[in-house]
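Down below is the structure, laid out as structure tokens.
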Amino acid sequence: MNLEQKVAKDLITAMKAKDEAGKRGIRAIKQAILMSKTDGSGTTLNEADEIKMLQKLVKQRKDSIAIYEQQGREDLAVIEREEVSVIEKYLPQQMEEAELEIYLRQLLKTMDVTSMKDMGKVMGRASKELAGRADGKTISGMVKQLLNS
């Protein structure tokens with residue numbers, strides 16, 4: 001079952017359960033799928049594209065949460081947090097911080113990287129291999145920390 005079919009099924013379930021947060025989050029995913037299907041490129045979403053799309057939706061909402069918290073709008077931040085929790089259910093299991101650190105230490109050793117000037121190479125490979133399991137901001141912060149220590 002692809003993402004679009006799963007979302008359609010889950011939307012019906014959320015509607016029957018009168019789950020407002022679930023409906024909002026699932027409708028956001030459904031809208032993003034529709035937008036990508038009608039963008040004129042003629043390409044279909046593969047699993048990697050679906051993951052990127054879901055990560056983008058989560059990132060947008062997390063950015064909104066930060067803005068709402070700065071402006072003291074906790075009522076709006078709560079809505080965004082609820083949608084994030086719904087959307088994250090469709091993403092692969094995220095790596096634990098310790099697991100990510102072990103992976104990145106091994107990657108740095110394998111690539112023989114010891115300085116910040118090679119950060120781009122490391123980020124490219126790590127982002128590709130960890131797609132959907134860790135976000136770029138977390139990977140970047142961990143790589144910087146490892147290279148500076």
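Residues: numbered from 1 along the sequence shown.
Rounded to the nearest 0.5 Å, atoms CG (Leu108) and CZ (Arg125) are 10.5 Å apart. A distance of 11.0 Å separates CG in Asp112 from NZ in Lys109, rounded to the nearest 0.5 Å. Expressed to the nearest 0.5 Å, how far NZ of Lys52 lies from CG of Leu57 amounts to 14.5 Å. Within the model, atoms NZ of Lys59 and CG of Asp63 stand 4.0 Å from one another, a figure rounded to the nearest 0.5 Å. Atom CE of residue Met15 and atom CG of residue Asp10 lie 13.0 Å apart, to the nearest 0.5 angstrom. Once rounded to the nearest 0.5 Å, the distance linking NZ of Lys30 with CG of Leu3 reads 11.5 Å.
Salt bridge annotation for Asp19-Lys23: absent, with no cationic side-chain nitrogen under 4.0 angstrom from a carboxylate oxygen. The pair Lys37-Glu4 counts as a salt bridge, with a side-chain nitrogen and a carboxylate oxygen less than 4.0 angstrom apart. Taking a cutoff of 4.0 Å between a charged side-chain nitrogen and a carboxylate oxygen, Arg61 and Glu82 do not qualify as a salt bridge.
The local environment of CD in Glu74 is crowded, with over 12 non-hydrogen atoms from other residues, nucleotides or ligands closer than 6.0 Å. Gln93 CD: 12 or fewer foreign heavy atoms inside a 6.0 Å radius. With a 6.0 Å radius and a threshold of 12 heavy atoms from other residues, nucleotides or ligands, Glu47 has its CD atom at or below the threshold.
Looking at heavy atoms from C-beta onward, Met119 lies in side-chain contact with Met116 at the 4.5 angstrom threshold. Between Asp118 and Met111, the closest side-chain pair of non-hydrogen atoms is not below 4.5 Å. Side-chain contact check for Leu54 versus Glu88: every heavy-atom pair is 4.5 Å or farther apart. At least one side-chain heavy atom of Thr110 sits less than 4.5 Å from a side-chain heavy atom of Gln106. Looking at Leu34 and Gln31, their side chains never come closer than 4.5 Å, going by heavy atoms from C-beta outward. Side chains of Arg133 and Glu99 form a contact here, defined as non-hydrogen atoms less than 4.5 Å apart. By the 4.5 Å heavy-atom criterion applied to side chains, Tyr90 and Ile51 are not counted as neighbours. Side-chain contact between Lys137 and Lys62 is absent, with no heavy-atom pair separated by less than 4.5 Å.
A continuous path of Ile, Leu, Val, Met, Phe, Trp and Tyr side chains, each step under 4.5 Å between heavy atoms, connects Leu91 with Ile65, placing both in one hydrophobic cluster. Hydrophobic clustering (side-chain heavy atoms under 4.5 Å, transitive across Ile, Leu, Val, Met, Phe, Trp, Tyr) keeps Val58 apart from Ile139.
Of all the heavy atoms in Gly25 and Ile87, the pair that sits closest is O-CG1, 4.0 Å. Residue Leu107 comes nearest to Ala126 through the heavy atom pair CD2-CB, 3.8 Å, listed as atom of the first residue, atom of the second, then distance. Closest approach of Gly22 to Ala14, counting heavy atoms only: C-CB, 4.2 Å. Across all non-hydrogen atoms, the minimal contact from Glu69 to Ala77 is CG-CB, 4.3 Å. Here the closest heavy-atom approach between residue Ser140 and residue Met123 is recorded as CA-SD, 3.6 Å. Summarising the geometry of Val86 relative to Ala21, their closest heavy-atom pair is CG2-O, 3.7 Å, with the distance given to 0.1 Å.
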- Query: Going through the checks in order, is the side chain to side chain contact (heavy atoms under 4.5 Å, CB included) test met by Arg81 and Val78?
  - Reply: CA-CA 5 Å; Arg81 279 191 210 97; Val78 167; 3.8 Å; yes
- Worked check of salt bridge (Lys or Arg N to Asp or Glu O under 4.0 Å) between Glu20 and Arg24: CA-CA 6 Å; Glu20 295 300 317; Arg24 281 194 316 271; 5.3 Å; no
- Item | Trace of the side chain to side chain contact (heavy atoms under 4.5 Å, CB included) decision for Ile12 with Lys16 | CA-CA 6 Å; Ile12 292 169; Lys16 286 180 180 177; 3.8 Å; yes
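Remark: side-chain polar atoms of Gln71 are not paired, donor with acceptor, to backbone N or O of Tyr68 under 3.5 angstrom. Looking only at distances, a side-chain donor or acceptor of Ser36 sits under 3.5 Å from a matching main-chain atom of Ile33. In this structure, Asn148 contributes its side chain and Lys144 its backbone to a donor-acceptor pair below 3.5 Å.
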